[in-house]
Amino acid sequence: MGSRRKSKKQPWSRERWFLVLLAPLYVALVAYCLVEGGFSAKPTTQMQQALRGSTVIELTLPTSDPTRVTPSPTQGPPEALRKLDVNQADEWMLTAIPGIGEALAGRIVTYRDAQGGLIDIEELSRIEGVGEKLFATLALYLEVR
């Protein structure tokens with residue numbers, strides 16, 4: 001008489017566990033995408049607006065006074081920006097402005113402290129290294145309050 005061997009159950013492989021656990025998630029994701037408008041090679045208006053918004057570079061310049069709101073320079077039109085007060089800005093805050101490096105920021109702070117604060121934004125043009133072109137850029141981001 002032939003002997004019957006009992007078959008041992010083999011444990012599941014990693015691949016099988018992967019399929020069993022992730023397949024329902026994949027099906028749910030595809031169903032959600034189809035309900036929301038399907039898959040398309042052309043971006044929707046919402047996607048285009050989101051992509052346009054993601055190209056904006058924002059810099060947050062904190063102030064020493066937490067109650068005062070600081071400017072957020074972006075690539076948008078400078079008129080829409082809130083300008084940074086030169087009399088309250090630290091050196092490192094000034095370096096976030098285009099055209100100002102560490103050396104120029106130091107000279108601005110030194111000049112400001114020697115004068116007891118700036119009275120008019122035009123005083124920036126008296127600082128060594130600030131020409132007409134740079135002054136025009138700085139006037140977009142800085143103000144005297």
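If you read the sequence from its start, that first residue is 1, and numbering goes on from there. Just so you know, these numbers come straight off a predicted model, no measurement behind them.
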> Taking all non-hydrogen atoms of both residues into account, name the closest pair between Lys83 and Ala139 and its distance.
NZ-O, 2.9 Å

> What distance do Asp113 atom CG and Ile108 atom CD1 have between them, rounded to the nearest 0.5 Å?
11.5 Å

> Closest heavy-atom contact between Pro24 and Leu21?
CD-O, 3.7 Å

> Between the main-chain N or O of Ile127 and the side-chain N or O of Arg107, is there a donor-acceptor pair closer than 3.5 Å?
no

> For a 4.5 angstrom cut-off between non-hydrogen side-chain atoms, does Ile97 reach Leu140?
no

> Which residues pass the side chain to side chain contact (heavy atoms under 4.5 Å, CB included) test with Val144, sequence neighbours left out?
Asn87, Leu118, Ile121

> Specify the closest pair of heavy atoms between Ser125 and Phe135, including all atoms of both residues, with the distance to one decimal.
N-CD1, 4.1 Å

> Of Val109, Leu138, Leu104, which is the lone residue that meets side-chain contact (heavy atoms from CB on, under 4.5 Å) with Leu94?
Val109

> Applying side-chain hydrogen bond (donor to acceptor under 3.5 Å, both in side chains), can you list everything that pairs with Glu15, at least two apart in sequence or on another chain?
Ser13

> Is there a donor-acceptor pair under 3.5 Å between the side chain of Glu123 and the backbone N or O of Ile119?
yes

> Which pair of non-hydrogen atoms, one from Ala89 and one from Leu84, has the smallest distance, and what is that distance?
CB-CD2, 3.8 Å

> Measure the spacing between CG of Asp120 and CZ of Arg126 and express it to the nearest 0.5 Å.
8.5 Å

> Main chain of Val86, side chain of Arg112: is a donor-acceptor contact present, judged purely on distance under 3.5 Å?
yes

